[in-house]
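Note: hydrogens, waters and symmetry copies are ignored here, and every other heavy atom, side chains too, is used.
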Amino acid sequence: MSEAPQINSQSASPYSSNDAEVRAELSEIDASIRTSALFFTVSAIFWLLAGTVFALITAYKAHEPSFMGDSALSTFGRMRSAHLNAMALGWGNNIIFAVGLWIMARLCRSPIRHGGLLLIAGIFWNIGLTVGIVGIIMGDITSVEWLEIPHYATPLLALSYALIGVWGVMAFKFRKGEHVYVSQWYILAGLFWFPWLYIVAQIMIIWFPARGVVQSVTNWWFAHNVLGLWLTPMALATAYYLIPKVLGRPIYSYYLSVLGFWALAIFYNWAGVHHLIGGPIPVWLISAGIVASIMMVIPVIVVGLNHHMSVVGLHKEVWRSPTLRFVVFGAISYTLVSLIGSSMAVRSVNEITHFTHFTVGHAHHGVYAFFSMIMFGGVYYMMPRLLKREWPSAGLIKLHFWGSAIGISVMLFALHVIGWIQGVQMNDATIPFLEIVQNTIPWLKARTISGVFLTVAHIAFAVNFFWMLFAAGAVRAKQGPTLLDSAKEEGVA
Amino acid sequence: MKNLPLLFCGIFFALAFSFTGLILSSNIQLGSLTQTTEMQDENGNNMEGETLYPLTAPGLAQQGKQVYIEMGCIYCHTQQVRRAGFGADVERNWGPRASVARDYILQDRVLLGTMRTGPDLMHVGGRPLNKDWHHLHLYNPQITSPGSTMAPFAFLYETREIDGAPSANALKFPPNSEYSPEAGYEVVPTRRADALVEYMLSLKLDYSLPEAPIAE
Ligand code: HEM
Ligand SMILES: [Fe+2]
């Protein structure tokens with residue numbers, strides 16, 4: 001099997017893998033992180049599937065309320081929270097620990113030390129999460145959004161996370177080379193920001209509750225920043241790493257990367273209060289949140305431009321590479337979701353969208369169409385390098401892509417449209433509430449159907465993954481990487 | 001980038017700024033709010049009233065709040081009223097005034113919520129919905145609100161054979177309701193259902209605060 005896919009054989013940035021020495025080095029680094037990266041990927045996929053089951057139940061219950069209605073265990077609130085936490089902390093964090101740390105190790109050009117420690121921390125993370133989600137379903141749910149996991153599981157989560165984070169920082173400390181690539185800034189920052197957010201939120205909301213709505217401010221400072229300062233930097237780091245790698249040409253502009261990074265670091269922080277617009281908190285706080293949300297247009301345009309200019313003219317390559325097809329879908333979604341998000345912070349828009357399905361649609365636009373799609377791309381790139389094997393089925397990759405792309409598009413369309421209608425109608429006191437409830441039902445059914453598409457996609461992904469992982473003998477030894485159109489038969493590189 | 005100290009400081013201060021600006025400062029500003037007897041008279045002047053507001057919720061209602069938390073009601077219901085002119089919260093009778101920070105100071109867990117699949121509940125105890133209505137609604141929302149997407153919470157109730165005279169607290173189903181139990185049986189609330197309904201009835205925004213008077 002060829003060492004590096006032909007398509008990126010002239011990969012120029014961040015480090016050329018043309019150079020045999022560099023390749024051997026990367027190969028050694030990959031070997032050193034293989035076990036923990038595989039563990040995290042397997043865990044992530046397991047949580048993705050579990051989260052999908054919870055999602056389907058929740059989505060179905062939203063229009064068939066008596067479905068599984070005989071037990072407290074399967075109430076809407078608990079299923080929804082099991083879904084959110086399985087996806088955000090199970091799929092999201094594990095896949096970050098897999099792909100993000102792998103990228104970090106590669107960019108630091110230093111084989112990792114104490115891989116065993118990372119693995120143990122990872123095992124504890126997943127134990128803590130399992131305990132937490134079982135706790136949610138059993139009724140120990142906190143009903144604090146994004147922090148539903150009961151107090152007996154969170155210290156374990158915080159501790160194991162701290163170990164993983166410290167490990168990432170250590171990898172950075174032992175790096176070789178002068179230059180620190182933009183992906184490394186994002187990963188380093190994310191690794192540092194997440195525990196701070198998590199621990200402050202736990203202390204001020206659960207352990208020593210702050211007075212009144214200070215809890216709510218903390219809650220949304222945390223919850224919004226999980227997206228903005230944790231999932232987003234990690235996905236951007238992955239995109240910044242993979243686009244030049246696969247296309248074999250450097251990122252368009254170094255200065256735009258710098259600008260994008262610092263603008264995100266400065267503005268995203270303050271934006272969380274936009275979840276409380278119109279709420280019982282001082283107006284100046286809300287105004288700060290609105291201003292920061294609108295300023296986010298800067299890093300978004302900058303990053304979008306940088307990514308766009310890096311792929312421009314190479315659309316064929318993008319379409320053919322499994323990795324880039326997902327990553328570019330994610331990168332485009334980042335621009336869209338962020339611009340929509342900024343406009344949702346404008347008071348007159350927020351007045352309509354705030355308490356509706358529009359927000360749920362927006363959340364999935366971010367966590368799925370942007371974050372998850374990029375991470376899927378990351379897995380498609382990472383696995384062949386870790387296992388020295390190719391993906392067994394291009395068909396399953398295509399099924400995954402189309403299932404995800406169609407599914408998420410249908411979901412976003414349905415939730416944005418009905419959310420808007422719901423908001424406009426709720427603001428008209430002459431329309432009876434039950435009538436509005438009725439109007440949402442067909443659209444919520446559309447969301448359930450979109451969930452079926454996404455489920456098919458996730459199953460295709462999982463089957464391909466475990467096939468690759470376990471059925472080593474069955475995987476055909478191929479000349480090149482698994483690409484997504486017939487061009488590969490013609491040997492186009 | 002090569003200037004690593006700058007990178008580290010930037011990463012640190014970025015979050016430190018928002019932590020200070022949003023969390024610590026609101027903790028200082030709002031953390032000192034107390035209950036007050038002050039309210040406004042007809043002319044908008046502050047005057048001393050009799051009662052300390054907001055009120056502390058009675059014990060059973062506190063237990064009911066715990067049930068509300070465990071059942072995840074927050075994922076469909078908010079507890080915050082936006083000011084008149086911003087949305088139609090006041091017009092929909094979800095509350096006579098906007099809720100403000102002081103309304104929440106006695107709560108160990110603040111349940112503002114972000115989703116209105118169902119109506120806001122900040123002032124649900126002030127609406128003409130009595131205990132019987134709430135029990136029927138919780139047992140199965142279709143009884144009181146046909147077509148609702150709220151889930152039934154029938155597992156908070158017990159269906160049992162009538163032993164002698166029917167219990168006083170048995171649910172009073174409308175005549176010929178398809179949800180009534182078989183003849184000879186009755187549905188009674190468990191303690192948790194009682195607590196939850198007590199909590200619903202305790203949610204009221206019917207008092208004025210100096211910063212949030214109720215317009216006549
Ligand atoms: C299998 C496909 C999926 C379906 C059918 C689905 C469905 C749902 C449903 C029904 C809800 C509850 C919304 C409500 O309260 O009305 C929800 C919430 C949520 N889901 Fe998903 N979901 C899916 C995938 C994902 C993924 C992959 C992620 C994250 C990586 C995710 C993250 C979230 C988040 C963060 C929320 C909370 C939204 C908010 O707070 O506004 N979902 N999802
Ligand atoms: Fe947000």
Determine the option with the most heavy-atom pairs under 4.5 angstrom with chain A, choosing from [options].
options: B/Arg109, B/Glu91, B/Gln142, B/Arg83; result: B/Arg109
options: B/Ala212, B/Ala98, B/Gly118; result: B/Gly118
options: B/Ser148, B/Gly72, B/Pro119, B/Pro146; result: B/Pro119

What part of [X] is in contact with chain A, defined as an atom under 4.5 angstrom from a non-hydrogen atom: side chain, backbone, both or neither?
X: B/Leu111; result: side chain
X: B/Ala101; result: both
X: B/Ile69; result: both
X: B/Phe8; result: side chain
X: B/Gln80; result: side chain
X: B/Arg102; result: neither
X: B/Phe153; result: side chain
X: B/Cys73; result: neither
X: B/Gln66; result: neither
X: B/Ile105; result: both
X: B/Met150; result: backbone
X: B/Ser145; result: both

Quick check on [X] against chain B: is it the side chain, the backbone, both or neither that has a heavy atom closer than 4.5 Å?
X: A/Asp140; value: neither
X: A/Phe433; value: both
X: A/Glu435; value: neither
X: A/Trp221; value: side chain
X: A/Ser81; value: side chain
X: A/Ile141; value: both
X: A/Ile431; value: both
X: A/Leu444; value: neither
X: A/Val213; value: both
X: A/Ile441; value: side chain
X: A/Gln438; value: side chain
X: A/Val144; value: both

> In terms of side-chain heavy atoms, does B/His135 have a donor or acceptor partner in B/Tyr157 at a distance below 3.5 Å?
Replying inline: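 Yes, side-chain donor-acceptor contact under 3.5 Å.
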> For residues A/Thr58 and A/Arg80, is any side-chain donor paired with an opposing acceptor at under 3.5 Å?
Replying inline: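 Checked: A/Thr58/A/Arg80 side chains show no N/O donor-acceptor pair below 3.5 Å.
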> Using 30° and 60° as the class limits, which term best fits the ring planes of B/Phe17 and B/Phe13: parallel, tilted or perpendicular?
Replying inline: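 Taking B/Phe13 first and then B/Phe17, their aromatic rings sit tilted (interplane angle of 30° to 60°).
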>> Can you tell me how the ring of A/His179 sits relative to the ring of A/Tyr254, calling it parallel under 30°, perpendicular over 60° and tilted otherwise?
In response: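 A/His179 and A/Tyr254: tilted rings.
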> Going through the checks in order, is the side-chain contact (heavy atoms from CB on, under 4.5 Å) test met by A/Phe54 and A/Ile137?
Replying inline: CA-CA 11 Å; A/Phe54 292 133; A/Ile137 296 174; 3.8 Å; yes
>> For A/Phe172, does the six-membered ring have the charged nitrogen or CZ of A/Arg175 within the cation-pi criterion, i.e. under 6.0 angstrom from the centroid and within 45° of the normal?
In response: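 Because its charged atom sits under 6.0 Å from the ring centre and within 45° of the axis, A/Arg175 does stack over A/Phe172.
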> Can you name the nearest heavy-atom pair linking B/Val90 to B/Pro96, along with the distance?
Replying inline: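 Heavy atoms only, the tightest pair is CG1-O, 4.4 Å.
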> When only pairs under 4.5 Å are counted, which of A/Glu64, A/Met138, A/Met79, A/Glu148 shares the most heavy-atom pairs with chain B?
Replying inline: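 The option with the most such pairs is A/Glu148.
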